[in-house]
Amino acid sequence: MRTPIIAGNWKCNMRLGSAYQLANDLRERVDEITGIEKIICPPFIYLATVEAAIAMSSVHLGAQDTHWQDDVAATGEIGPQQLEELVDYVIVGHSERRHVFGETDEAVNRKVKAVLDVNLQPIMCVGETLDEREAGQTESVLVRQTGLGVDGAGIPDGFIIAYEPVWAIGTGRAATADDAEQAIALIRSEVAAKFGDPKAQTVRILYGGSVTPDNIAGFMERKQIDGALVGGASLKADTFAAIIEAAACVRG
Ligand code: PEP
């Protein structure tokens, strides 16, 4: 039995006051919803503030990225041991890290292992660009990103992967539930090829890309899809709470 997840990625949004307010409003709206793991991932600079707003609640805290080492000369970076003092989850390999900041599969793999080493849960993102999709490369991209991302990682039960087709992120053009389910089944089969089917069956694989309160139920109705990673719609307490409520209605 895989516990579903709804995770919000705030990206480079909010200010100190609005970050606290959003986290506080969200806690009030969703604290009592059960059966769904609820996660918010604010910018690094607001993690401590948001942690205070959701303390003692059922809403968990995640970071949006990490360096793969601590205590090194890496100006501007934050390491996994530093994050471990504040968060439970870390997004790794988001498409904006891969495609805007040039993060490689090897870097994603180092980060996944570093996050696991400090007993945090990575949310490892994979997904094809529009060009790759149109060139018929979706399967090979997903197999490569998944396989290299978890290579040698010794993933725990419940490991989290987010399938985020790049063309669906922030575009208002979500994948169909059929397409998302098919991609997620392929990702699960790649995990099974590396670690065996029993382990793969425990892995939570989320869909991400223009998820809204109106389309979340369609994804949650698919048994292969274990929840969602949400960008834009996580920036308002009302819409993010509505997504969590709708997800809980289907699977909570
Ligand atoms: C994301 O950035 O991970 C994402 C899915 O964004 P959006 O929901 O805005 O498409």
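Read the numbers this way: they start at 1 and go in the same order the structure lists the ligands and their atoms. When a residue number appears, it is its place in the shown sequence, counting from 1. Given the structure is predicted, the values throughout are model-derived calculations rather than measurements.
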Thr171 to ligand 1: N or O pair under 3.5 Å?
no

For a quick check under 3.5 Å, do Glu37 and Tyr89 share a side-chain donor-acceptor pair by atom type?
yes

Can you find an N or O of Ala233 that's nearer than 3.5 Å to an N or O of ligand 1?
no

Is a donor on one side and an acceptor on the other found under 3.5 Å between the side chain of Asp25 and the backbone of Leu22?
no

Between Asp151 and the options Lys113, Lys194, Arg110, the salt bridge (charged side-chain N to carboxylate O under 4.0 Å, His left out) test singles out Lys194

Below 4.0 angstrom from a heavy atom of Ser210, which ligand 1 atoms are there? Numbered from 1 as shown, please.
7 (P), 8 (O), 10 (O)

For atom 1 (C) of ligand 1, what's the nearest protein heavy atom and its distance?
His94 NE2, 3.3 Å

Quick test of your reading of the model: are Arg188 and Asp226 salt-bridged, counting only N-O distances below 4.0 Å?
yes

Nearest non-hydrogen protein atom, atom 5 (C) of ligand 1:
Glu164 OE2, 3.1 Å

I'd like to know if Arg98 pairs up with Glu103 as an ion pair, taking the criterion as any Lys NZ or Arg NE/NH1/NH2 lying under 4.0 Å from an Asp or Glu carboxylate oxygen.
no

Note the single closest protein heavy atom to atom 8 (O) of ligand 1, along with its residue, its atom name and the distance in Å.
Gly231 N, 2.8 Å

Report yes or no: does Ala168 have a heavy atom closer than 4.0 Å to ligand 1?
yes

Relative to the heavy atoms of Gly209, which atoms of ligand 1 are at a distance of less than 4.0 Å?
5 (C), 10 (O)

Which atoms from ligand 1 have a heavy atom of Gly170 less than 4.0 Å away?
7 (P), 9 (O), 10 (O)

Does a side chain donor of either Gln201 or Asp197 reach within less than 3.5 Å of an acceptor in the other side chain?
yes

Identity and distance of the protein heavy atom lying nearest atom 9 (O) of ligand 1:
Gly232 N, 2.8 Å

Checking Glu181 against Tyr163: is there a side-chain donor and acceptor pair closer than 3.5 Å?
no

